J.: 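Structure in structure tokens, see below.
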Amino acid sequence: MHSLGILLSGRGSNFVAIANSIDAGRIPDARISVVISNRADAPGIATARQRGLNALVIPSKGKAREEHDREVVAALKQHKVDLVCLAGYMRLLSPWFVQQFPQRILNIHPSLLPAFPGLEAQEQAFAYGVKISGCTVHFVDEELDHGAIIVQKAVAVLDTDDEHTLAARILEQEHIAYTEAINVVLQGKFNVVGRRLVTTP
Ligand code: GRF
């Protein structure tokens, strides 16, 4: 049984999509062992509690990055987590954190990386005037929005869009992409060659 740990800071719709996929059997042989937020007021943590999941708040405010990371990693290990899914977790992980889970930390970003890393990616893409944007699920490394790409989904930018309608259509694809990426990683049938994730038979 695979043991997932979810890290979030806010709304938690990607967390809910993952939880729904597990409940529906779309991610076989997996469970969410713990949901951790660095913010007590994250709606996602209330949702996790309502679903009867282990839900922890580990505040980051006022702590050095690695001090906070050590608390989070201790909680993940205590819950025997073997795959960490960042789902709107608004913290950069320290190199030490990344090294604790080699090729076992995923993140979702609402653009086609390497375009528009960082905050408000949908607004950045909209303002730039791209005709295609989308989302990316990637391994987490020491750099922001940077590790090897696992799954991407393209979303066309319509003339009638504003940044909110574009973000909403990207979010629908995020929810599909995260489940696909988790299955790729849990099935383990891939190699990472340079930056390229290549599936194996
Ligand atoms: C998503 O757009 C995700 O791509 C980004 O943060 C947002 C989180 O949304 N990393 P939610 O909390 O999963 O609803």
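No hydrogens, no waters, no symmetry mates; every other heavy atom, side chains included, goes into these values. Only a predicted model underlies this, so the values are computations on that prediction, with no experimental measurement involved. In listed order, ligands and their atoms are each counted from 1.
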J.: Under 3.5 Å, is there a donor-acceptor pair between the side chain of His109 and the main chain of Phe116?
T.: yes
J.: Report, as yes or no, whether the 6.0 Å neighbourhood of atom NZ on Lys63 holds more than 12 heavy atoms from other residues, nucleotides or ligands.
T.: yes
J.: With side chains defined as the heavy atoms from C-beta onward, is the minimum distance between Tyr89 and Arg39 less than 4.5 Å?
T.: no
J.: Using a 4.0 Å cutoff against the non-hydrogen atoms of Pro110, which atoms of ligand 1 qualify?
T.: 2 (O), 4 (O), 5 (C)
J.: Please check this pair: side chain of Asn191 against backbone of Val193, looking for a donor-acceptor N/O pair closer than 3.5 Å.
T.: no
J.: Quick one: nearest non-hydrogen protein atom to atom 11 (P) of ligand 1, plus distance?
T.: Ser13 N, 3.4 Å
J.: Just go through Ser9, Gly10, Ala42, Gly12 and tell me whose heavy atom is the nearest to atom 12 (O) of ligand 1.
T.: Gly12
J.: For side-chain hydrogen bond (donor to acceptor under 3.5 Å, both in side chains), just list the numbers for Glu66 and Ser94, CA-CA rounded to whole Å, side-chain angles, deciding distance to a tenth of an Å, and then say yes or no.
T.: CA-CA 6 Å; Glu66 196 164 318; Ser94 62; 4.6 Å; no
J.: Considering only heavy atoms of Arg11, which atoms of ligand 1 have at least one such atom less than 4.0 Å away?
T.: 9 (O), 11 (P), 12 (O), 14 (O)
J.: Would you say Asn107 and ligand 1 have an N/O pair spaced under 3.5 Å apart?
T.: no
J.: Give the residue, atom name and distance (to 0.1 Å) of the protein heavy atom nearest atom 8 (C) of ligand 1.
T.: Gly88 CA, 3.6 Å
J.: Quick one: nearest non-hydrogen protein atom to atom 1 (C) of ligand 1, plus distance?
T.: Glu174 OE1, 3.1 Å
J.: Applying a strict 4.0 Å limit to heavy atoms, is Ile108 in contact with ligand 1?
T.: yes
J.: How about NZ on Lys77, more than 12 heavy atoms from neighbouring residues, nucleotides or ligands closer than 6.0 Å, or not?
T.: yes
